[in-house]
Amino acid sequence: MPDTDAAAVAEKIRVLVAKPGLDGHDRGAKIVARALRDAGMEVIYTGIRQTPDMIAEAALQEDVHVIALSVLSGAHLELFPRIVDACRERGITPQNTLFLGGGIIPPDDAAMLQGVGFSAVFGPGAHTGDIAAYVREHVPALDRS
Amino acid sequence: MSGRLDELQARLLDGDRRALSRVLSWVENGDARGREMLRRLYPRSGRARIIGLTGSPGAGKSTVTNEFAKVCRARGLSVGIVAVDPSSPYTQGAILGDRVRMAELHADRGVFIRSLASRGALGGLSAATQDVVHVLDAYGKDVVLIETVGAGQDEVEIASTAQTTVLVNTPNMGDDVQTLKAGIMEIADVLAVNKADLPGVDRMVSALKALLSLAPDRDWQPPITPLVATKSEGVEQLVDACEAHHAHLVETGRLADAESARARQQIVALARGRVLANLLNEIGEERLSQLSTAVASRSTDPHSAAEAWVGGE
């Protein structure tokens with residue numbers, strides 16, 4: 001048995017990083033995953049070509065605080081709301097989980113995504129440090145009861 | 001609080017995946033609610049088949065685990081998967097990537113996958129792994145597969161956690177001296193040789209056979225099962241080999257002995273953690289850092305410092 005004291009382990013921030021849809025450009029998702037790892041978080045990386053159900057199911061099984069999605073194909077308005085719906089069916093809502101979007105997402109689209117429950121959208125040029133800081137700042141406000 | 005826990009317990013035992021997921025987090029985090037739920041659920045555990053899969057990074061553990069789960073599902077068994085990946089020794093962050101190879105299991109409600117970070121434990125698992133397995137067992141999973149951190153030569157914790165340990169080898173892992181070494185080669189109940197479509201598989205199999213022929217008389221000879229997990233070849237035989245090992249444990253009465261040994265190890269590990277936490281509370285972090293400074297500057301030695309901290313025998 002490992003002799004780490006389980007009682008002393010504090011709650012870690014757990015983040016699901018996933019790429020829905022068909023584009024295979026996962027460099028950005030991997031960089032964000034790596035940056036959040038280096039910020040001390042536990043990042044569940046699911047890889048490319050994930051369906052909304054796959055993402056929602058992984059979020060459920062992994063009990064994550066954050067769902068971070070990356071799309072570079074322009075299909076974000078199609079995919080992101082469906083993922084929020086698939087999550088809601090499983091009791092995962094913007095009240096208890098932070099939804100973050102990333103990719104080539106115009107400002108008007110970002111505003112629409114915020115309307116369906118996305119807390120923030122990070123586009124090209126976003127600093128990974130800012131993403132980690134955003135997560136750290138907003139996770140404590142989630143209703144995890 | 002107890003009303004909320006009653007409700008959660010009822011939901012969990014009714015098969016609610018979200019309730020299970022939340023309880024697993026509490027258990028993993030050493031939350032008091034996790035300990036209470038474990039106390040309630042533990043009597044219901046002890047029915048699942050616990051199978052560990054270990055091997056070096058890149059040997060194909062996740063792919064083999066995925067295929068193993070598919071065969072179990074085809075045989076009508078529900079499956080829990082606990083997949084452990086390493087935490088950073090510097091930032092305590094982690095990338096848990098085992099799900100990438102298990103994507104096809106997502107739609108099957110009979111499979112529940114939980115990724116764990118090792119969180120500083122060194123044996124290839126995390127400190128909470130056993131408790132997570134207990135909860136999945138109590139939840140009603142017929143089979144719990146534990147995939148370890150990519151293991152080198154000495155990460156043998158899995159042998160005392162699983163009932164059957166599968167060591168996933170690949171061809172071309174080095175010369176036959178590697179198979180002679182103590183440690184991980186000794187804990188395998190089943191020797192899988194994955195990527196058996198690569199050259200060198202015959203040499204690997206004969207090196208393993210040679211190793212086994214030299215083994216001290218044991219009443220269980222670990223079977224060697226070549227497989228190509230990416231093509232789903234040889235997986236049925238691997239599952240059969242694990243079944244045969246389990247039957248052997250039951251026949252020889254070893255299963256009950258091993259369960260007591262596992263319990264003993266977990267009690268000792270938990271007690272050790274508590275004693276250490278109490279020591280830190282009572283004697284204090286400040287005293288420990290004074291002593292560390294004294295040892296670093298050579299004004300005392302580590303043994304004397306430990307004695308000064310907790311007292312001699």
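The sequence lines fix the lettering, A, B, ..., with proteins before strands; numbering per chain opens at 1.
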Next on the checklist: Please identify, among A:Thr46, A:Asp38, A:Asp53, A:Leu60, the residue contributing the most non-hydrogen atom pairs under 4.5 Å to chain B.
Outcome noted: A:Leu60

Next on the checklist: Quick check on B:Val111 against chain A: is it the side chain, the backbone, both or neither that has a heavy atom closer than 4.5 Å?
Outcome noted: backbone

Next on the checklist: Please determine whether a side-chain nitrogen of the Lys or Arg among B:Arg109 and A:Glu57 lies less than 4.0 Å from a carboxylate oxygen of the Asp or Glu.
Outcome noted: yes

Item to check | Under 3.5 Å donor-acceptor, A:Glu62 side chain and B:Ser115 backbone | outcome: yes

Item to check | Heavy-atom closest pair, residues A:Met54 and B:Ala103 | outcome: CE-CB, 3.5 Å

Checklist outcome for this item: Closest non-hydrogen contact found for B:Asn29 with A:Lys12 is OD1-N, 4.3 Å

Checklist entry - How many angstroms lie between CD1 in B:Ile95 and NZ in A:Lys30, if you round to the nearest 0.5 Å? => result 10.5 Å

Item to check | Spatial distance of atom CD1 (A:Ile44) from atom CG (B:Asp98) [nearest 0.5 Å] | outcome: 11.0 Å

Item to check | Considering all heavy atoms, the nearest B:Ser21-A:Asp63 contact | outcome: OG-CB, 3.2 Å

Checklist entry - Is the closest side-chain heavy-atom distance between A:Ile92 and B:Arg18 below 4.5 Å? => result yes

Item to check | Side chain to side chain, A:Tyr45 and B:Leu96, heavy atoms closer than 4.5 Å | outcome: no

Checklist outcome for this item: Most heavy-atom pairs under 4.5 Å with chain B, out of A:Arg14, A:Arg34, A:Gln50, belong to A:Arg14

